[in-house]
J.: 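Quick one: structure below, then a few questions.
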4 protein chains.
Amino acid sequence: MPRPRIEDAEDRLLAAGLNLFARRGTERVNTNTIAKRARLAIGTFYAHFPDKHALLREIQMRTIGALRNARVEATRGAGTNPEEQVRASAVAAVAFAESHAEAYRVTFGRERAGAAAHGPVVSESSRPTADGLRRLQAAGRLDPDLDPDLAARAYLAMEVGTILWWLDDPVRAGREGVVDTLVRLHPAQAARVG
Amino acid sequence: MPRPRIEDAEDRLLAAGLNLFARRGTERVNTNTIAKRARLAIGTFYAHFPDKHALLREIQMRTIGALRNARVEATRGAGTNPEEQVRASAVAAVAFAESHAEAYRVTFGRERAGAAAHGPVVSESSRPTADGLRRLQAAGRLDPDLDPDLAARAYLAMEVGTILWWLDDPVRAGREGVVDTLVRLHPAQAARVG
Amino acid sequence: MPRPRIEDAEDRLLAAGLNLFARRGTERVNTNTIAKRARLAIGTFYAHFPDKHALLREIQMRTIGALRNARVEATRGAGTNPEEQVRASAVAAVAFAESHAEAYRVTFGRERAGAAAHGPVVSESSRPTADGLRRLQAAGRLDPDLDPDLAARAYLAMEVGTILWWLDDPVRAGREGVVDTLVRLHPAQAARVG
Amino acid sequence: MPRPRIEDAEDRLLAAGLNLFARRGTERVNTNTIAKRARLAIGTFYAHFPDKHALLREIQMRTIGALRNARVEATRGAGTNPEEQVRASAVAAVAFAESHAEAYRVTFGRERAGAAAHGPVVSESSRPTADGLRRLQAAGRLDPDLDPDLAARAYLAMEVGTILWWLDDPVRAGREGVVDTLVRLHPAQAARVG
DNA sequence: AATGAATGAGATTTCATTCAT
DNA sequence: TATGAATGAAATCTCATTCAT
């Protein structure tokens with residue numbers, strides 16, 4: 001009987017899932033609770049997502065995309081000078097994490113959605129950074145001994161770890177301090193030549 | 001029917017848990033499987049640990065302790081010069097992770113450890129690093145604008161993230177490359193003065 | 001695989017629980033057996049009741065309500081004279097116990113009902129009796145030294161104990177004998193004045 | 001190795017069991033806890049009792065025997081007049097329950113030790129009362145229509161129920177009030193002739 | 001006789017998923 | 001499309017009991 005054509009069922013499920021995953025952790029949330037929080041029946045959940053992890057993956061994919069867009073936008077607006085680029089990217093990441101704390105935590109937090117889900121996500125994200133480092137090496141502005149992939153991966157682990165720590169306890173450091181530290185320790189700065 | 005007076009039930013449970021947690025992830029392992037793998041009855045599990053997470057915590061505590069000892073040992077054997085100290089510590093961490101890959105993954109891996117259980121662990125671990133940075137600042141050998149706690153935390157996130165990535169795919173980089181990168185990006189190097 | 005849109009799952013669980021509790025006693029019955037007896041999956045049990053004791057409580061509450069209704073009905077139909085009232089109530093209780101033997105046993109039987117769960121139930125039930133005794137005392141028709149609450153409680157313990165004994169072995173005494181004894185030993189008779 | 005010849009292992013187990021059964025109810029207590037409370041190993045429990053219910057039965061048997069002795073003693077000291085006998089017996093029961101509250105509760109309380117354990121216990125106890133009533137009928141001092149077995153059983157249910165209620169909340173009535181009520185409602189009084 | 005680690009059947013409870021309506 | 005009662009595999013945890021020492 002009940003078929004009231006819910007307009008935004010999917011969005012409501014995503015929002016409910018995001019909120020619950022962030023609060024309780026991926027494994028502590030069940031689909032019935034997500035559906036209830038979205039004020040939908042459990043059947044509606046399965047009409048929109050094949051299973052619980054599909055919802056999580058969707059949240060993470062959207063978050064990663066949005067963060068990437070924010071970085072692109074920010075670096076486009078910045079100068080061409082490496083430090084400006086690095087800083088713009090860090091500022092964008094910190095600002096994004098601040099305004100989308102739940103999504104950031106669910107996507108990058110100390111938890112996982114089935115072993116492999118994460119690795120690809122992060123290594124994918126590290127490619128632009130690695131490419132940037134390679135360009136700096138080609139231009140003779142970065143220590144040629146540095147392994148760009150390794151360094152890019154190291155930087156992103158640092159960025160994520162630092163931002164998560166800061167989100168959990170924002171009092172310990174200001175936003176600017178976080179950005180400064182990230183920039184300082186970014187390979188493009190830390191291993192720059194000249 | 002009990003009978004066989006097991007010699008080292010607790011050790012066998014720890015070993016079985018470590019192996020299974022590393023392979024499948026904390027949430028995909030159950031106490032029955034751990035007990036079976038240890039060739040013990042399920043009741044024996046609960047005679048030794050109140051629940052699954054207690055076993056996990058014990059594994060993590062032992063790992064953190066062992067890693068700390070390895071670092072202390074290594075830095076004691078190294079020179080007093082900051083770079084030597086930093087390198088010795090990184091070498092120790094990488095070697096430890098290599099020889100205790102499962103324990104390293106279970107303890108530091110991107111995996112739920114009961115959410116909050118982890119934060120304290122890592123921030124505790126970052127104290128020696130932060131103290132080292134403070135000493136360098138006091139000696140005028142490190143940029144005084146750097147926040148030592150923030151930088152220490154950032155470095156550890158980087159170290160852990162890089163090592164985990166390397167453990168998952170050791171072909172991408174050699175052990176020396178990893179160590180070099182860690183040393184290069186360590187705050188004591190990256191922001192050194194003079 | 002769900003499927004068969006059960007019509008009256010809750011009623012069937014109540015019936016199955018009643019039957020099994022009466023036969024084996026509360027602690028010797030488990031939720032799996034109740035669900036199986038009701039031809040339902042165990043999950044269905046927990047969809048309707050939070051746990052085994054909630055089912056038991058529901059059975060007891062319904063039984064107490066039904067018995068109270070039976071008494072009210074019976075005493076309304078009886079004359080206003082105390083003995084008639086007392087007899088009508090006893091007849092109603094005995095008839096109820098006879099036609100709902102399982103429910104009577106489960107509700108009043110010498111069996112754990114979660115220790116304290118029972119006390120209130122019985123003391124609540126004893127209030128009408130106590131009030132009746134007070135009225136008789138006010139009318140000078142009952143020994144004023146009798147403590148009405150104590151006497152009411154004593155009578156109900158007697159009524160329940162006697163009926164349970166009779167239910168277990170109805171041959172030892174006829175229904176009328178039971179009623180006569182109850183009336184005889186009811187405080188309103190035993191301590192009547194004039 | 002450990003064989004320190006425990007002097008009173010059995011007594012300690014009985015005391016521990018009594019205390020725990022009274023506090024938590026028969027089904028909520030396990031043998032390991034009883035042994036621990038008695039400061040004995042679990043093996044020692046099974047060296048003295050075949051199983052948990054044997055311990056309970058022993059406690060109940062001892063309690064019933066002690067109560068019977070107390071009644072015998074008390075009625076022997078009383079006059080031969082029926083009311084004195086009845087009162088002496090009630091006083092003895094109330095005093096016994098007061099000074100052995102745990103044992104009284106464990107033996108007569110609203111709980112059971114496996115369905116059948118109790119019935120025999122109580123019907124056994126009701127025989128002396130029934131015999132007394134028969135003697136009164138033979139002497140023409142008690143209504144000959146009263147069924148002595150039924151009345152005896154009814155009285156004992158009342159006595160036990162009233163005393164248990166009083167033990168749980170001794171403030172509601174004094175010891176004398178309880179005794180008076182019991183005597184008042186005892187068949188020998190309630191249905192006496194002449 | 002006393003010990004207590006070990007046992008494992010069994011009870012409780014959860015929750016991802018289905019499907020008739 | 002939406003519903004939500006029903007499902008049942010699977011996980012957690014308990015505890016009476018055994019037996020080598």
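From a predicted model like this one, the values you see are computed outputs, not experimental measurements. Order of the sequence lines fixes the chain letters, A, B, ..., with proteins taken first and strands second; residue numbering starts at 1 for each chain.
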J.: Provide, to the nearest angstrom, the distance between the CG atom belonging to B:Asp11 and the C1' atom belonging to E:dA5.
T.: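 Answer to the nearest Å: 15 Å.
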
J.: Please round to the nearest 0.5 Å and tell me the distance separating atom CD of A:Glu58 and atom CD of A:Glu10.
T.: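 If we round to the nearest 0.5 Å, A:Glu58:CD and A:Glu10:CD are 7.0 Å apart.
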
J.: Search all heavy atoms of A:Ile59 against all heavy atoms of A:Thr107 and return the closest pair with its distance.
T.: O-OG1, 4.3 Å

J.: Is there a Watson-Crick or G-U wobble partner for F:dT21 with both distances under 3.5 Å, and if so, which one is it?
T.: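 Here F:dT21 is engaged in a pair, and the nucleotide opposite it is E:dA2.
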
J.: Looking at side-chain heavy atoms only, is the closest gap between B:Asp51 and B:Arg57 below 4.5 Å?
T.: yes

J.: To the nearest Å, give me how far apart CZ (C:Arg28) and C1' (F:dA16) are.
T.: 13 Å

J.: Taking any heavy-atom pair under 4.0 Å as a contact, classify D:Thr31: base, sugar-phosphate, or nothing.
T.: base

J.: Considering only F:dT18, E:dT7, F:dG8, which nucleotide approaches the side chain of D:Ile42 most closely?
T.: F:dT18

J.: Can you measure C:Tyr46 atom OH to F:dA11 atom C1' for me and round it to whole angstrom units?
T.: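 About 13 Å, once rounded to whole Å.
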
J.: Looking at A:His48, does any N or O in its side chain come under 4.0 Å of the phosphate oxygens OP1/OP2 on F:dT1?
T.: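 So the side-chain polar atoms of A:His48 never come under 4.0 Å of the phosphate oxygens OP1 or OP2 of F:dT1.
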
J.: Taking any heavy-atom pair under 4.0 Å as a contact, classify B:Asn32: base, sugar-phosphate, or nothing.
T.: base

J.: With respect to the side chain of C:Ala41, which nucleotide from E:dT7, F:dC13, F:dG8 is positioned closest?
T.: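 Closest of the options to the side chain of C:Ala41: F:dG8.
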
J.: Can you tell me the distance, in whole Å, between the NZ atom of A:Lys36 and the P atom of F:dA2?
T.: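 Between P of F:dA2 and NZ of A:Lys36: 19 Å.
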
J.: Please tell me which of the listed nucleotides, E:dT3, E:dC15, E:dT7, lies nearest to the side chain of A:Asn30?
T.: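 Of the candidates, E:dC15 comes closest.
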
J.: Could you say whether C:Lys52 or B:Phe45 is positioned toward the 5' end of DNA chain E, judged by the nucleotide with the nearest heavy atom to each?
T.: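 Going by which nucleotide is closer to the 5' end, it is B:Phe45.
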
J.: Rounded to whole angstroms, how far apart are CZ on B:Arg39 and P on E:dG8?
T.: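 The answer, rounded to whole Å, is 14 Å.
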
J.: For DNA chain E, whose closest nucleotide is more 5', that of B:Ala47 or that of A:Val29?
T.: B:Ala47

J.: Between C:Thr44 and F:dA5, is there a contact of a side-chain N or O with OP1 or OP2 at under 4.0 Å?
T.: no

J.: Find the partner of E:dT13: check Watson-Crick (N1-N3 plus N6-O4 or O6-N4) and G-U wobble (N1-O2, O6-N3) distances, both under 3.5 Å, and reply none if neither fits.
T.: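 Across all strands, the one nucleotide that pairs with E:dT13 is F:dA10.
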
J.: Output the rounded distance in Å from CG (B:Leu13) to P (E:dA5).
T.: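 Answer to the nearest Å: 14 Å.
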
J.: Send over the distance from B:Phe49 CZ to F:dT14 C1', rounded to a whole Å.
T.: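 In whole Å, F:dT14 C1' lies 18 Å from B:Phe49 CZ.
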
J.: Considering residues, nucleotides and ligands other than C:Lys52, do more than 12 of their heavy atoms fall under 6.0 Å from its NZ?
T.: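 Yes, NZ of C:Lys52 has more than 12 neighbouring heavy atoms, counting only those of other groups under 6.0 Å.
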
J.: Could you tell me how far apart D:His53 (NE2) and F:dC15 (P) are, to the nearest whole angstrom?
T.: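 In whole Å, F:dC15 P and D:His53 NE2 are 13 Å from each other.
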
J.: Measure the spacing between CZ of D:Arg68 and OG1 of D:Thr63 and express it to the nearest 0.5 Å.
T.: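 Interatomic distance, D:Arg68 CZ to D:Thr63 OG1, rounded to 0.5 Å: 11.5 Å.
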
